[in-house]
Amino acid sequence: MRPSQQVARAEMILVAGARPNFVKLAPLYQALRAQSKFRLCVVHTGQHYDDAMSGSFFRELDIPSPDVNLEIGPGTHAQQTGTVMIRFEPVLQSVSPRWVVVFGDVNSTIACALVASKLGVAVAHVEAGLRSNDWSMPEEINRVVTDRLSTRLYAPSQDACENLSREGIPEDRVRLVGNIMVDTLLAQLPKVDQDRVLSQVGVRRSGFVLVTLHRPSNVDDPARLARICTVLGKASEHEPVIFPAHPRTQTRLKEPSLEKALGDTRVMAPLPYQAFLGLMANARAVITDSGGVQEETTALGVPCLTLRPNTERPITISQGTNQLVEPEPTAFLRALETSDGRRHRIPELWDGRTAHRIALDLSDAQ
Ligand code: UD1
């Protein structure tokens with residue numbers, strides 16, 4: 001349904017805009033439905049719009065078609081944020097909910113939190129409190145502002161609660177609930193035909209490296225992207241390197257010198273959730289700059305090398321399988337060879353019950 005049409009009233013709007021949001025929305029939608037206490041309205045902002053980045057996630061994760069699609073599409077940060085705000089405001093007025101639930105740290109998250117808080121509607125933020133302390137990341141600005149505007153802050157880990165406390169967020173707004181992406185991972189993994197996924201891609205269990213990269217700081221900086229392609233190319237001399245590339249990255253990798261540097265790295269279109277999960281669970285190691293993938297590899301016990309100078313998810317390093325790396329050939333290849341994921345443990349409350357805890361808390365909230 002387009003935003004211009006009248007939308008039915010509901011007590012709660014769940015907002016999703018970009019690929020990682022869908023993975024977080026799915027278990028909460030199902031937990032709230034099971035509770036049948038609130039009438040729900042799902043708003044898709046349309047920040048991600050391709051079947052590969054959006055439609056396939058709705059189908060595989062059993063999310064119903066959104067009640068409203070704001071269809072904002074691509075744009076600069078100001079264009080995306082502003083267009084979501086302009087289109088979300090009349091929807092919010094028409095639905096008139098008690099709660100707007102937002103997820104993660106994307107532009108759609110901050111835009112809807114701003115609109116709701118200005119109209120006096122309570123905002124619940126799922127994945128609150130994560131901080132990279134790196135203000136050059138658009139997501140860090142989105143995180144800090146969204147948390148400041150939220151009435152309920154659902155934190156995935158104790159370090160996130162500590163960040164919020166340091167920023168003066170009253171403790172009674174914060175709930176430590178665990179990691180909601182792990183709910184989806186644990187629910188979906190048994191449904192994945194792992195042998196089929198591996199044979200479709202033509203790789204063996206623990207016999208390949210999986211890559212995902214899309215951060216502007218990696219893929220929009222030509223010199224850094226060239227260094228990254230070089231280290232991936234070197235890695236591909238030793239074992240298969242599989243690289244399902246985000247649209248932003250695919251565009252950049254068309255440059256012939258980068259194609260050459262990538263060597264035998266197999267660049268392919270983005271994969272649907274289940275196929276990607278099947279590959280991640282069986283990879284010898286994963287190379288990424290995604291927040292969600294850092295967490296998912298920790299949940300799976302698969303070694304993860306994060307191509308970033310910092311992370312807002314330090315628990316994936318202190319307890320999980322993650323390490324930060326730079327695209328410097330010698331150190332990078334040594335880290336890739338020696339990473340084995342041992343010593344890791346699953347962080348507290350990353351148990352598949354996070355959505356249930358949030359649904360219970362929302363139903364008790366005044
Ligand atoms: C966004 C989020 C990022 C998240 C990532 C997950 C922000 C600030 N960033 O970054 O935190 O980790 O999503 O993927 O919100 N595109 C398509 N098809 C799509 C979606 C995007 O081709 O379905 C293209 C767009 O045209 C655009 C590019 O991909 O040129 C980037 O999309 P955009 O939404 O601007 O940000 P992401 O890099 O995906």
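Atoms within each ligand, like the ligands themselves, are counted from 1 in listed order.
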Original post:
In Å, rounded to the nearest 0.5 Å, how long is the span from OG of S157 to CD of E312?
Top reply: 10.5 Å
**OP:** Tell me which protein heavy atom sits closest to atom 2 (C) of ligand 1, plus the residue, atom name and distance to 0.1 Å.
**Re:** V106 CG1, 3.6 Å
Original post:
How far is atom 25 (C) of ligand 1 from its nearest protein heavy atom, and which residue and atom is that?
Top reply: Y49 OH, 3.5 Å
Original post:
Is F22 close to H44 at the side-chain level, that is, under 4.5 Å between some pair of heavy atoms?
Top reply: yes
Original post:
At what distance is the nearest protein heavy atom to atom 6 (C) of ligand 1, and which residue and atom is it?
Top reply: P20 CD, 3.5 Å
Original post:
Nearest to atom 8 (C) of ligand 1, what protein heavy atom do you find, and at what distance?
Top reply: N107 OD1, 3.3 Å
Original post:
For atom 38 (O) of ligand 1, is some protein heavy-atom partner under 4.0 Å away?
Top reply: yes
**OP:** Starting from atom 33 (P) of ligand 1, locate the nearest protein heavy atom and write down its residue, its atom name and how far away it is, to 0.1 Å.
**Re:** Q80 NE2, 3.9 Å
Original post:
Does atom CZ of R224 have more than 12 heavy-atom neighbours from other groups under 6.0 Å away?
Top reply: yes
Original post:
Heavy-atom distance to atom 28 (C) of ligand 1: which of R248, M137, Q47 wins?
Top reply: R248
**OP:** Report the part of S54 (side chain from C-beta onward, or backbone N, CA, C, O) that has a heavy atom under 4.0 Å from ligand 1; answer both or neither where that applies.
**Re:** neither
**OP:** Decide whether L279 and F243 are clustered together by the hydrophobic rule: side chain heavy atoms of Ile, Leu, Val, Met, Phe, Trp, Tyr closer than 4.5 Å, transitively.
**Re:** no
Original post:
Can you tell if the side chain of N322 reaches within under 4.5 Å of the side chain of R313, non-hydrogen atoms only?
Top reply: no
Original post:
Is the H48 to F57 ring centre distance short of 6.0 Å?
Top reply: no
**OP:** Going by heavy-atom distance to atom 19 (C) of ligand 1, choose the closest among M53, Q250, H246.
**Re:** M53
Original post:
To the nearest 0.1 Å, how far is atom 9 (N) of ligand 1 from its closest protein heavy atom, and which atom is that?
Top reply: E139 OE2, 3.5 Å
Subject >> Closest protein heavy atom to atom 27 (C) of ligand 1, given as residue, atom name and distance to 0.1 Å >> reply: P74 CB, 4.4 Å
Original post:
Looking only at protein heavy atoms, which one is nearest to atom 5 (C) of ligand 1, and how far off is it?
Top reply: H214 NE2, 3.6 Å
Original post:
Side chain, backbone, both or neither: which part of H48 has a heavy atom under 4.0 Å from ligand 1?
Top reply: both
Subject >> Among T297, T212, N218, T306, the one residue meeting side-chain hydrogen bond (donor to acceptor under 3.5 Å, both in side chains) with T288 >> reply: T212
Subject >> Check: L213 main-chain N/O paired with T249 side-chain donor or acceptor under 3.5 Å >> reply: yes
Original post:
What atoms in ligand 1 come closer than 4.0 Å to a heavy atom of P247?
Top reply: 16 (N), 17 (C), 18 (N), 22 (O), 24 (C), 29 (O)
Subject >> Positive for side-chain hydrogen bond (donor to acceptor under 3.5 Å, both in side chains) with R131, one of T311, D147, N310 >> reply: D147
